[in-house]
Amino acid sequence: MFNELWFLIQKEFRLEWRQKTMLTGMLIYVISTVFICYMTFKRIIDVPTWNALFWIIMVFAAINAVARSFMQESRGIQLYYYTMVHPAAVILSKIIYNAALLISVALIHLLFYSLFLGNEIQDMTMFLIGLLLGSTGLAATLTLVSAIASRASNSPSLMAILSFPILIPLLMTIIRFSRNAIDGIDWVMNASYVYVLLALIGMVVTLSYLLFPYLWKD
Amino acid sequence: MQTKKLFSLLLVMILSTLPGFAQDQIEMADLMRSNGKIYVVVAVAATVMLGLIIYLISIDRKVSSIEKKLKK
Amino acid sequence: MKNIWWKAVCIILLMYTVTMGFLGDVPAMAILNESIRNLYFHVTMWFAMMILLMVNLYNSIKYLGDPVLRTDEIAEESSRMAMVLGILGLLTGMVWAKYTWGAWWVNDVQLNGAAGTMLVYAAYFILRNSIEDEQKRGRIAAVYSIFAFAMMIVFIIILPRMGDSLHPGKGGNPGFSSYDLDHRLRLVFYPAVIGWTLLGVWIMNIRLRIRTINKSLES
């Protein structure tokens, strides 16, 4: 199974490298959104607004990015995988690929966001850890939801409807965590959020591993 | 003089606790209960509840009768 | 009427709730005053909702193991009843909040958690409606429901303990336990939870039977 997983991850990255559609698409989306925000706000000094806007842009980018992960594959390819590999390998490879994609998008997003709208972050390491965990959490949650949505009907609106309510707990935790990072609050206070985030990610990955085989068979 | 000061201090202390005494008396619907009007509320609520339950029972029976008809 | 005994239990417990809920002794507390009695009518809605959502979870897991259509029907109807109870809980909560905290909606983790739960299950119904095939609908809905339930648990149980909440027992507020332990309240509260849950199960049961009738009429 690990060989299959490794092979599938390589395949995802190679495909991305060859086409470069996803990453460039996401970057254009993020940069243009940030630029629109810059033209409306100029500079955001208020920390809660800065933080909330950052994550809202991130969530929309993530939903757009991950929604395609199951839709771009044709029925034929999916059937081929079905006969060749373990279903858990498919979902895990997609989660890992999406996490990598979202982390890179998040970093570039942070770069442009702080360039245009100002940077008030006091504890940069903590914020980056939050960015890492948050992107991974978004990727893991949205990958399973996109699998569900692609099975139901291939409409992108269904993906948004299904994912927003499910993302709320993750978003609330990550927004509070990164706000504390911006305010430079001590690790002792903030560590519990890291545990919650790690537990959430662990839970989502386990659930994906357990539930995806049922979505798979048709 | 000393005793007078002490006395006034004591007085202030006692007076300051008085509002505390007043707060201990939390207002409940004791009046309603003492004049028996609370039973009116209970009667109304119980009637509403009973009415809804009787309606639910009648729906249940209707469904049962349709089920029986279908079996035939 | 079939299975008359639990329906009788339901009626007895509910009648007990509406009479003893008003007449029973309650501890006198500031701000809350007599409104502590809402414990029997508002808080019980959430408890009944949670129990019905657990019925949904159980049937969803069961359906994945053994796809029988009836199991999926029970899962759908239980979550539908849970939604009704949830809406009632939200509305009654708003009224109670207005008179204890001074606003119809306060920014409270518990309250937002409840609203988020309603959104999750609204999405669940939209998902169900978008799939035609019955077997497939059951399977995909079950997957979403299990996933959503896990997230919801995080939302309404773990998160409120981390932030400030106006609700008792959270964020430095005096716990319900200080008066929840009060046997006078418990004496009505637990029977009320069972009574309201049974009422939900009863309505659910009738809806399920109507579905069966409809199906046999179609065939």
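Letters A, B, ... are given to chains in the order of the sequence lines, protein chains preceding strands, and every chain is numbered from 1.
- Counting heavy atoms of neighbouring residues, nucleotides and ligands inside a 6.0 Å radius, atom OH of Y99(C) does not exceed 12 of them.
- One distance of note links CG of L127(C) with CG of L162(A); it measures 5.0 Å at 0.5 Å rounding.
- Looking at every heavy atom in both residues, G116(C) comes nearest to P165(A) through O-CB, 4.4 Å.
- The interface of residues 140-148 of chain A with chain C, defined by heavy-atom distances below 4.5 Å, comprises T141(A), L144(A), V145(A), I148(A).
- Using a 4.5 Å cut-off between non-hydrogen atoms, the part of residues 56-69 of chain C that approaches chain A consists of L64(C).
- Applying a 4.5 Å heavy-atom cutoff, none of the residues of residues 86-106 of chain A approach chain C.
- Near-neighbour residues of residues 212-219 of chain C relative to chain A, defined by a heavy atom under 4.5 Å from a heavy atom of that chain, are none.
- With a 6.0 Å radius and a threshold of 12 heavy atoms from other residues, nucleotides or ligands, W187(A) has its CH2 atom above the threshold.
- Nearest heavy-atom pair across I166(A) and V120(C) is N-CG2, 4.3 Å.
- No side-chain heavy atom of F212(A) sits less than 4.5 Å from a side-chain heavy atom of V143(C).
- Atoms CG and CD1, on L210(A) and I146(C) in that order, are 9.0 Å from each other to the nearest 0.5 Å.
- A 6.0 Å sphere centred on CZ of F41(C) holds more than 12 heavy atoms belonging to other residues, nucleotides or ligands.
- Atom CE of residue M151(C) and atom CG of residue L170(A) lie 6.0 Å apart, to the nearest 0.5 angstrom.
- Contact tally against chain A (heavy-atom pairs below 4.5 Å) for I140(C), I126(C), I131(C): the top residue is I140(C).
- By the neighbour-count criterion of 12 heavy atoms within 6.0 Å, atom OH of Y209(A) is sparsely surrounded, having that number or fewer from other residues, nucleotides or ligands.
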